[in-house]
Enquirer: 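Below you will find the structure I want to go over with you.
Each chain gets a letter, A, B and so on, in the order the sequences are listed, and its residues count up from 1. These numbers were taken from a predicted model, which means no experiment stands behind them.
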Amino acid sequence: MCIEHKKEDIMKLVPLGDRVVIKQLVAEETTKSGIVLPGQAKEKPQQAEVIAVGPGGVIDGKEVTMQVKPGDKIIYSKYAGTEVKLEDEEYIIVKQGDILAVIE
Amino acid sequence: MCIEHKKEDIMKLVPLGDRVVIKQLVAEETTKSGIVLPGQAKEKPQQAEVIAVGPGGVIDGKEVTMQVKPGDKIIYSKYAGTEVKLEDEEYIIVKQGDILAVIE
Amino acid sequence: MCIEHKKEDIMKLVPLGDRVVIKQLVAEETTKSGIVLPGQAKEKPQQAEVIAVGPGGVIDGKEVTMQVKPGDKIIYSKYAGTEVKLEDEEYIIVKQGDILAVIE
Amino acid sequence: MCIEHKKEDIMKLVPLGDRVVIKQLVAEETTKSGIVLPGQAKEKPQQAEVIAVGPGGVIDGKEVTMQVKPGDKIIYSKYAGTEVKLEDEEYIIVKQGDILAVIE
Amino acid sequence: MCIEHKKEDIMKLVPLGDRVVIKQLVAEETTKSGIVLPGQAKEKPQQAEVIAVGPGGVIDGKEVTMQVKPGDKIIYSKYAGTEVKLEDEEYIIVKQGDILAVIE
Amino acid sequence: MCIEHKKEDIMKLVPLGDRVVIKQLVAEETTKSGIVLPGQAKEKPQQAEVIAVGPGGVIDGKEVTMQVKPGDKIIYSKYAGTEVKLEDEEYIIVKQGDILAVIE
Amino acid sequence: MCIEHKKEDIMKLVPLGDRVVIKQLVAEETTKSGIVLPGQAKEKPQQAEVIAVGPGGVIDGKEVTMQVKPGDKIIYSKYAGTEVKLEDEEYIIVKQGDILAVIE
């Protein structure tokens, strides 16, 4: 539907507060005939990569220290987050509290 | 139904507390024949420009420091905010906590 | 149904705590034939004038300072407030937190 | 069904905490023929008279100072309060926070 | 269905925290023929007698001082409390915050 | 359905925080013919015996001191708690705040 | 559908904050004929083994100290937690507050 392209002058999402921009990891599956099927049609995986991390600080009257960093692979809470689309890329913005675990 | 006009003596929305007046960014789309289609008919984009920012301070017993400024392009939470119309211009008033990220 | 009249000895609403008495601004519309149509039949405008302001103070364990004053034109949250009728005048009593912005 | 009578030794409601005993004011209406119609059949008025006021103090961990006194005419929140009947008189017990304004 | 009997060695309900054991007052009604009708068939009265009072103290992180004592006649909130049966007697255990007023 | 047996090496439930392991008391009823009917078929009694008590401490940011001890007979809140089965014995794990009263 | 395999370079779930990675214990049942039936078809057991424990710390503005450790057998709250699948193994990530008791 849209041709992916990276512009020279790329837009960047800078999350506020304790928010984290993540990108869902697509579990690719290769059929015997070699066709790669992206994972979207299957049960939505909850694995994602951290793209950008908010500064933390006092959020809703409570001090929040950010525990994740860009590049981390994480598991996040299924019904959490807001999907956003920026330059044909889909991201999810979650609160750090919706990140359940880091995959090491 | 109404002719848009900017009065000399323009009205201004001054948000209270941690509220932010934003204006939805309309993703224009140009068809092959050159007709510009405003984005409203499509899925509502969640990008907006910050128009005015409240003073922050103690909101609901919690100190809030404003992190955005007029002119910022932001992503905001889909179901948040109140739509208001002032002199034929449509604005949305959100709490800063409903702003997910700044686009840089 | 009732003839509006201002009594000499007018009743006054003195709001408690962080409450604010407001009066909805009726967007009048003049048809070509000169008939003035009050705005009630249309989408309810959320503009109001502040009539009386509570003293603020510690509300629900949190210090609230009042930011609006009688005469201010304000935008308030659509589903907020309680409509009250006093001597054939209709008012709305809102909490200050339901006032989104002042119109200047 | 019951004959109203005031006993010598009248019972008294002493509200606890930040509660206030109020008595709904019945807006009487006199028809042209002079018949007085009590307001109950119409939209329930939200005006009431304060009968008794609790001591205030620390309620739910928060200091509450009572702002109303017996005899005050008040506007209260429509869906608030508990109706109680004592010696054939009907009262409403509300929390002070459900009193919106005093009528002066 | 059961014959009421008071044992020598009676069981006692000792409420925890800010709870209060109350016993609903049955508004007896004497018909003209002298038959006493207990109030249960009618609208449930909200009057009760205090039977036992918890020690109060820090409940849910908040200091609660008990304001009622055994023997007090009280009005309690209609939908509050848990009905318990002990030795064929029915009690209601409410939190003190559900007691609206004392009847004096 | 299962033959009750106590193993030498019995498993033990050690509740966390302000939780309490209780065991519902079955109100036995003896019919005239001497048949003992366990209470399960009737309205579920809310009486239970305390089996094990958590250490208390800071729970959800609030200091909780445990007020009950193993062996106490208690009344607990009807819809509270989680039923667990351990070695064919059924227990209920409740928070201490769901224990309404101790029966003495 | 998938052949279980343990890779040399195994992935590890590192829970954030007060979260705990657990693995449901499957209550095996051996029929008379010796066939082992895994417990899944029956009522879901709430017993699990602790696999990994978050660092605790200030969670939602409240200090949380972790009380469980890897290897603990625990009872957890039925409707709590998020099921995650990592390398064909199913885990549940719960908050420590959803762990009711340790089985000793």
Enquirer: Please classify the contact between Leu13(D) and chain E as side chain, backbone, both or neither, with a heavy-atom cut-off of under 4.5 Å.
Expert: both
Enquirer: According to side-chain hydrogen bond (donor to acceptor under 3.5 Å, both in side chains), who are the partners of Asp72(D), at least two apart in sequence or on a separate chain?
Expert: Lys69(D)
Enquirer: Is the closest side-chain heavy-atom distance between Val58(D) and Glu63(E) below 4.5 Å?
Expert: no
Enquirer: Side chain, backbone, both or neither: which part of Val68(E) has an atom under 4.5 Å from a heavy atom of chain D?
Expert: side chain
Enquirer: Say you draw a straight line from NZ of Lys62(E) to CD1 of Ile59(D); how long is it, rounded to the nearest 0.5 Å?
Expert: 12.0 Å
Enquirer: Chain D heavy atoms under 4.5 Å from Ile75(E): which part of the residue, side chain, backbone, both or neither?
Expert: side chain
Enquirer: Within the supplied structure, the quantity of interest is the number of heavy atoms (other residues, nucleotides, ligands) at a distance under 6.0 Å from Lys23(E) NZ; does it exceed 12?
Expert: yes
